[in-house]
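Indexing begins at 1, ligand by ligand and atom by atom, following the structure's order. Keep in mind the model is a prediction, meaning the values are calculated, not measured.
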Amino acid sequence: MSRSREESALISRLEAVMGEFSQRGAGLVQPVRSVVPLQKHGGFLGLMPAYLAHEDILCTKMVAFYQREQGSSLPTTQATVLLFDPVSGVVSAVMDGEVITARRTAAVSAISAKLLMPRHAEILCLLGSGHQAVSHYEVFTQAFTFKEVRVWSRSKERAEEFARAAGGPVTVCPSVKEAVEGADVIVTATNASEPLLFGKWVKSGAHVAAVGACRPDWRELDDDLMRDAVVYVDSREGAAAESGDVILSGAEVFAELGEMINGSMPAQRDKTTVFKSLGMGIQDAVSAKLVYDKWKSQQ
Ligand SMILES: NC(=O)C1=CN([C@@H]2O[C@H](COP(=O)(O)OP(=O)(O)OC[C@H]3O[C@@H](n4cnc5c(N)ncnc54)[C@H](O)[C@@H]3O)[C@@H](O)[C@H]2O)C=CC1
Ligand SMILES: O=C([O-])C1=[NH+]CCC1
């Protein structure tokens, strides 16, 4: 299967499961991520189990994420995914979760952009130049056509490396402000714990896919942006427990991504929108199953 067909298959599986999740039916079990703080080391270990009864997928991901010192060579996010045979409880596969995490997160953001970005979006802006920025670049430029792609990173060298490695032209911007001004779609994929994207810089009607700041006291977006935008989340319970951008701004969550997908809430494409992504076990479960089924078919 070609990369773009794999990406489309992943996107349609994610759309289906997110839509189903937002109906809160009995066929889908996914508690809010439980997180063990590793205060001594500036890190967290998250446990993300999920059971999808219709497809009989039982899965859990364990993800460790850290706020590293600038210049550290250690990865900030590491994950392992376990798939089980739900009949017996036997583990059927242990998978590295890095690629799964990177690609499913970008694919979910692309679903939000498909529904919420301005109709004739021309400029994509990426804040951050790490793993998520790379996967978002790849998925977004495959799924949509932009006239310009911009990147900002707190390390100019890293941003330049990112631009060199990208499969097409990317403009390196010297500041967040210059990167985001006039952008139609903005992806925030940083390890910041203080706001770096300010509403006053964001074009009216733009769509922001906010991927970082996955702790209740971490921020990427300022209060103005959170309060002025229509806010969508992957899970209301997850956002209420884990999103500093939602909790500390006091912003109202308008809808879940899945509610837009299943038609129970509208996509307010003409307004400035934020999709606050935190990541969900069901996303890992359907992604891991796609990988496993492909591997099985090749045995
Ligand atoms: N929503 C979701 O489903 C997921 C979210 N994440 C989150 O996405 C974010 C990015 O993850 P990765 O790309 O894997 O990390 P990474 O370490 O590969 O890249 C992080 C980027 O953030 C930048 N950065 C670090 N501290 C910063 C600061 N204080 N201000 C501005 N920029 C800063 C780095 O220079 C780098 O460009 C993390 O917060 C991670 O926890 C990760 C996986 C899934
Ligand atoms: O969903 C995920 O894997 C993560 N969300 C925040 C850090 C890792």
Quick one: look up the protein heavy atom nearest [atom] and list residue, atom name and how far away it is.
atom: atom 37 (O) of ligand 1; answer: Ser129 N, 2.9 Å
atom: atom 30 (N) of ligand 1; answer: Ala192 CB, 3.7 Å
atom: atom 2 (C) of ligand 2; answer: Arg33 NH1, 3.4 Å
atom: atom 17 (O) of ligand 1; answer: Thr76 OG1, 2.6 Å

Indicate, as side chain, backbone, both or neither, the part of [X] found under 4.0 angstrom from ligand 1 when only non-hydrogen atoms are considered.
X: Thr105; result: side chain
X: Arg154; result: side chain
X: Ala189; result: backbone
X: Thr77; result: side chain
X: Leu196; result: side chain
X: Gln78; result: neither
X: Leu127; result: neither

Taking [atom] as the point of reference, which of [options] owns the nearest heavy atom?
atom: atom 3 (O) of ligand 1; options: Arg68, Arg104, Lys276; value: Arg104
atom: atom 18 (O) of ligand 1; options: His136, Arg158, Gln132, His131; value: His131
atom: atom 36 (C) of ligand 1; options: Pro75, Ser72, Gly130, Ala106; value: Gly130
atom: atom 39 (O) of ligand 1; options: Thr190, Asp234, Asp284; value: Thr190

Should Gln283 be listed as contacting ligand 2, given a heavy-atom distance under 4.0 Å as the test?
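For ligand 2, residue contact (heavy atoms, under 4.0 Å) with Gln283 is absent.
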Is it true that Arg104 lies under 4.0 Å from ligand 2, counting heavy atoms only? yes
Exercise. Which one of Leu115, Thr273, Val253, Leu257 satisfies the side chain to side chain contact (heavy atoms under 4.5 Å, CB included) criterion with Tyr232?
Worked result: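 Single side chain to side chain contact (heavy atoms under 4.5 Å, CB included) partner of Tyr232 among Leu115, Thr273, Val253, Leu257: Thr273.
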Hey, does Leu278 come in under 3.5 Å of ligand 2, counting only N/O atoms on both sides? yes
request  = Examine Lys61 against ligand 2 and note whether any of their N/O atoms are separated by less than 3.5 Å.
outcome  =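 N/O-N/O distance under 3.5 Å: yes.
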Salt bridge flag under 4.0 Å for residues [X] and [Y]:
X: Glu252; Y: Arg227; value: no
X: Lys114; Y: Glu15; value: yes
X: Arg103; Y: Glu98; value: no
X: Asp284; Y: Arg104; value: yes
X: Lys156; Y: Glu160; value: yes
X: Lys294; Y: Glu6; value: yes

- Task: Return yes if some donor-acceptor pair links the side-chain N/O of Arg68 with the main-chain N/O of Pro75 below 3.5 Å, else return no.
- Result: yes
A student checking ligand 1 against Ser153 at a 4.0 Å heavy-atom cut-off should list atoms 35 (O), 37 (O)
For Leu278, the ligand 1 atoms with a heavy-atom partner under 4.0 Å come out as 1 (N), 2 (C), 3 (O)
* Does atom CZ of Arg24 have more than 12 heavy-atom neighbours, drawn from other residues, nucleotides or ligands, at distances under 6.0 Å? -> yes
Are more than 12 heavy atoms, taken from residues, nucleotides or ligands other than Arg269, located less than 6.0 Å from that residue's CZ atom? yes
* Should the pair Lys289 and Tyr292 be classed as cation-pi, given the thresholds of under 6.0 Å to the six-membered ring centre and 45° from the axis? -> no
Option passing side-chain hydrogen bond (donor to acceptor under 3.5 Å, both in side chains) with Asp184 (candidates Arg119, His207, Lys203):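 Result: among Arg119, His207, Lys203, Lys203 is the only option passing the side-chain hydrogen bond (donor to acceptor under 3.5 Å, both in side chains) with Asp184.
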(Q) Side chains of Ser22 and Glu256 only: does a donor on one sit below 3.5 Å from an acceptor on the other? (A) yes
